Amino acid sequence: MTLNIQTVITTPYEGQKPGTSGLRKKVKVFTQTNYTENFVQCILDANGAALNGSTLVVGGDGRFYCKDAAELIIRMCAANGVSKLLVGQNGILSTPAVSSLIRHNKALGGIVLTASHNPGGPDNDFGIKFNCENGGPAPDAFTNNIYQLSTAIKDYKIIKELQIDISNIGVNNYTIGGKTFVVEVIDSVANYVRHMKEIFDFAKLREYVSGKSTGKPLKMRIDSMNGVTGAYVREIFLNSLGAAENCVVHTIPLPDFGGLHPDPNLTYAKDLVETVANGDYDIGAAFDGDGDRNMIIGSKAFFVTPSDSLAVIAHYLNCIPYFQKNGIQGFARSMPTASAVDLVGKKLGKEVFEVPTGWKYFGNLMDAGRLCLCGEESFGTGSNHIREKDGIWAVLAWLSVMQHTGKSIEDILKNHWSIYGRNYFTRYDYEECELEPCNEMMSTMEKNITIASFIGKVYTRGDKSYKVKVADNFSYTDPVDKSIANKQGLRIVFEDGSRIVMRLSGTGSSGATVRLYIDSYERDNVLGKASEMLKPLIDIALEISELPKFTGRNAPTVIT
Ligand code: VG1
Ligand code: CO
């Protein structure tokens, strides 16, 4: 059959502006006539001349509309001069797997089909993002260009007749305009598993997990929450590490995640938390829909904050073969993340960077060889093995630390706090608020905290007093390319180092989600209850922001 390129006339849609990590909207928005087509064409156009003859990776977390979107993208790439596509079988690839594949195959980039931790299904969210040739999420300048293109798009190119079956692994060759176009449908997990085996000592971990080196098998509960990690988890924890079948649950990726909200936190991963709290487990872990986030809990559901998780991994990084081989460069965290890792960096004499929220801000530092480990308070941990956060990698890192120390998770944390002190941390999320009042709240608060007289102001609750040292809307200059990211969140830093941070989410698909982050450091009082320790600062934050007045909310939807 001759394959003809069709040019289809279209008109712009409003609001195709990628947020913290790609464009996320309801499925019903994406499935409007030409909506997805428009956005995909703008992604392809944003690559300019480099697109011609290029290789791209395509895959997503298996949520509703993922497979249709993958097939559409294949038809559009065929018409836009791309030479080769690597597509996950059935359109399935975790976000870390896409990043790894882009790097391994020296591809121009990848199109990732996911709304990550947002619920899926016909009435919920879908998302598309572009990752560049370093394997990381496209930087702001790139996504701004995609958005600009989306406001002026007039047509898109497609080969509608191109027949493709992405349920079968194999190489499909087509001839388009005299040139070969290749669609290689690949095993979704093989490359990623190979990569993990290069990083960690699987032989040692297998002895530890199966109990050969300790006399008793490790009691694990790994919860994929019906997201994309299911297939990866089975191959890694069951087949490669020899864990028992009942160590993994919810391992079949479902289009609607079986109704679960695949966000690995104490609220949405309730099943895991309750099971581990009431059972006999050494470690519990959960991932989000696309597999880049992780939550770690110890025996009896002892909670490890992501900020602490990052710091502990940093402290023990040398027990992982990848870092023994490649050395340890600097560490980094997003601005709202508590600064526990800074203390480890200081002790080890490493550079520590504070970047805005979103993994895209770590990429340049990694590419420049200045950063090897980073994390976000939102359950994101990862290293320079790829350019995305990596949920399964984080669990393997924790198993390595447990194996290396021979200690329980709780004891590892207590030991860490005794060395470094403890950063108490909590995040309050107020989900799906009305947008306008939230914008007004943020601008009012910004005005109030940036007047000169705010500095030095003292807030008292009970016997605790906090004196304002710095207050601003966080702005970041990338140390490598000097690009500037403004207005990344309101920040009040007190003289004892405690912080209140407030920002609006950039990953929601409707309304506004307010995130309030509280961070407070104690050198010696390290065994307190976080909710009690942080209560005074929460009260102060609610007073300064007037959040209840603006949002009409008296309690958050999610507390971490
Ligand atoms: C949230 C998190 C942020 C994370 C982003 C993408 O963004 O706070 O730390 O990088 O999600 O994660 P926001 O703008 O909603 O606060 V994922 O796993 O959804 O790609
Ligand atoms: Co995610």
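Values in this document were obtained by computation on a predicted structure and should not be read as measured data.
Ser400 places a side-chain N or O within donor-acceptor distance of the main-chain N or O of Leu396, the cut-off being under 3.5 Å. Tyr428 contributes no side-chain N or O that, together with a main-chain N or O of Thr560, makes up a donor-acceptor pair within less than 3.5 Å. The backbone N or O of Gly279 sits less than 3.5 Å from a side-chain atom of Lys300, completing a donor-acceptor pair. Remark: side-chain polar atoms of Asp223 are paired, donor with acceptor, to backbone N or O of Met225 under 3.5 angstrom. Although no hydrogens or angles enter the test, the distance criterion places no donor-acceptor pair under 3.5 Å between the side chain of Asp429 and the main chain of Glu431. Ser299 contributes a side-chain N or O that, together with a main-chain N or O of Tyr281, makes up a donor-acceptor pair within less than 3.5 Å.
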### Query
Going through the checks in order, is the salt bridge (charged side-chain N to carboxylate O under 4.0 Å, His left out) test met by Arg221 and Asp271?
CA-CA 11 Å; Arg221 187 170 170 102; Asp271 179 58; 3.4 Å; yes

### Task
Any chance you could lay out the side-chain contact (heavy atoms from CB on, under 4.5 Å) test for Glu245 and Arg234, step after step, and finish with the verdict?
CA-CA 8 Å; Glu245 173 74 33; Arg234 298 192 71 84; 2.9 Å; yes

### Task
Could you check Ser378 against Arg427 for side-chain contact (heavy atoms from CB on, under 4.5 Å), going step by step and ending with a plain yes or no?
CA-CA 9 Å; Ser378 54; Arg427 180 173 114 182; 3.4 Å; yes

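For Glu198, the side-chain hydrogen bond (donor to acceptor under 3.5 Å, both in side chains) partners two or more places apart in sequence, or in a different chain, are Arg194.
Using a 3.5 Å distance cut-off with no hydrogens or angles, the side chains of Thr36 and Tyr65 do pair a donor with an acceptor. Checked by atom type, the side-chain pair Thr513/Ser505 shows no donor-acceptor distance below 3.5 Å. Side-chain contact of Tyr361 with Asp140: a donor-acceptor pair under 3.5 Å is present, judged by distance alone. No donor-acceptor contact under 3.5 angstrom links the side chains of Ser99 and Arg387, judged on distance only. Between the side chains of Asp201 and Tyr208, not a single donor N or O lies within less than 3.5 Å of an accepting N or O. Gln89 and Asp187 share no donor-acceptor pair across their side chains, judged by distance under 3.5 Å alone. Side-chain polar atoms of Asn38 and Ser150 form no donor-acceptor pair below 3.5 angstrom. Between the side chains of Tyr424 and Asp308, no donor-acceptor pair is found at a separation under 3.5 Å. Checking Arg503 against Tyr517 by side-chain atom types alone, a donor-acceptor pair falls below 3.5 Å. A donor-acceptor contact under 3.5 angstrom links the side chains of Trp398 and Ser309, judged on distance only.
The side-chain heavy atoms of Val87 and Ile186, taken from C-beta on, include no pair separated by under 4.5 Å. Trp393 is not listed as a side-chain neighbour of Pro96, based on a closest heavy-atom distance of 4.5 Å or more. Between Cys438 and Leu504 there is a side-chain heavy-atom pair separated by less than 4.5 Å. A heavy-atom distance below 4.5 Å is found between the side chains of His250 and Leu260.
Listed here is the closest heavy atom pair of Lys129 and Pro137: NZ-CG, 4.1 Å.
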Side-chain donor-acceptor contacts of residues 66-76 below 3.5 Å, not counting sequence neighbours, with atom names and distances?
unit_1, atom_1, unit_2, atom_2, d
Arg75, NE, Leu162, O, 2.9
Arg75, NH2, Leu162, O, 3.1

Side-chain donor-acceptor contacts of residues 113-123 below 3.5 Å, not counting sequence neighbours, with atom names and distances?
unit_1, atom_1, unit_2, atom_2, d
Thr114, OG1, Asp61, OD2, 2.6
Thr114, OG1, Ser116, N, 2.5
Ser116, OG, Asp288, OD2, 2.8
Ser116, OG, Asp290, OD1, 2.9
His117, ND1, Arg293, NH2, 3.1
Asn118, ND2, Asp125, OD2, 2.9
Asn118, ND2, Thr507, O, 3.0
Asp123, OD1, Lys28, NZ, 2.5

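Ring geometry for Tyr35 versus Phe30: interplanar angle over 60°, hence perpendicular rather than tilted (30 to 60°). Using bins of under 30°, 30° to 60° and over 60° for the plane-to-plane angle, the ring pair Phe202/Phe200 lands in the tilted bin.
Taking the ring centre of Tyr147 as origin, the terminal cationic atom of Lys17 falls inside the region bounded by 6.0 Å and 45° from the ring axis.
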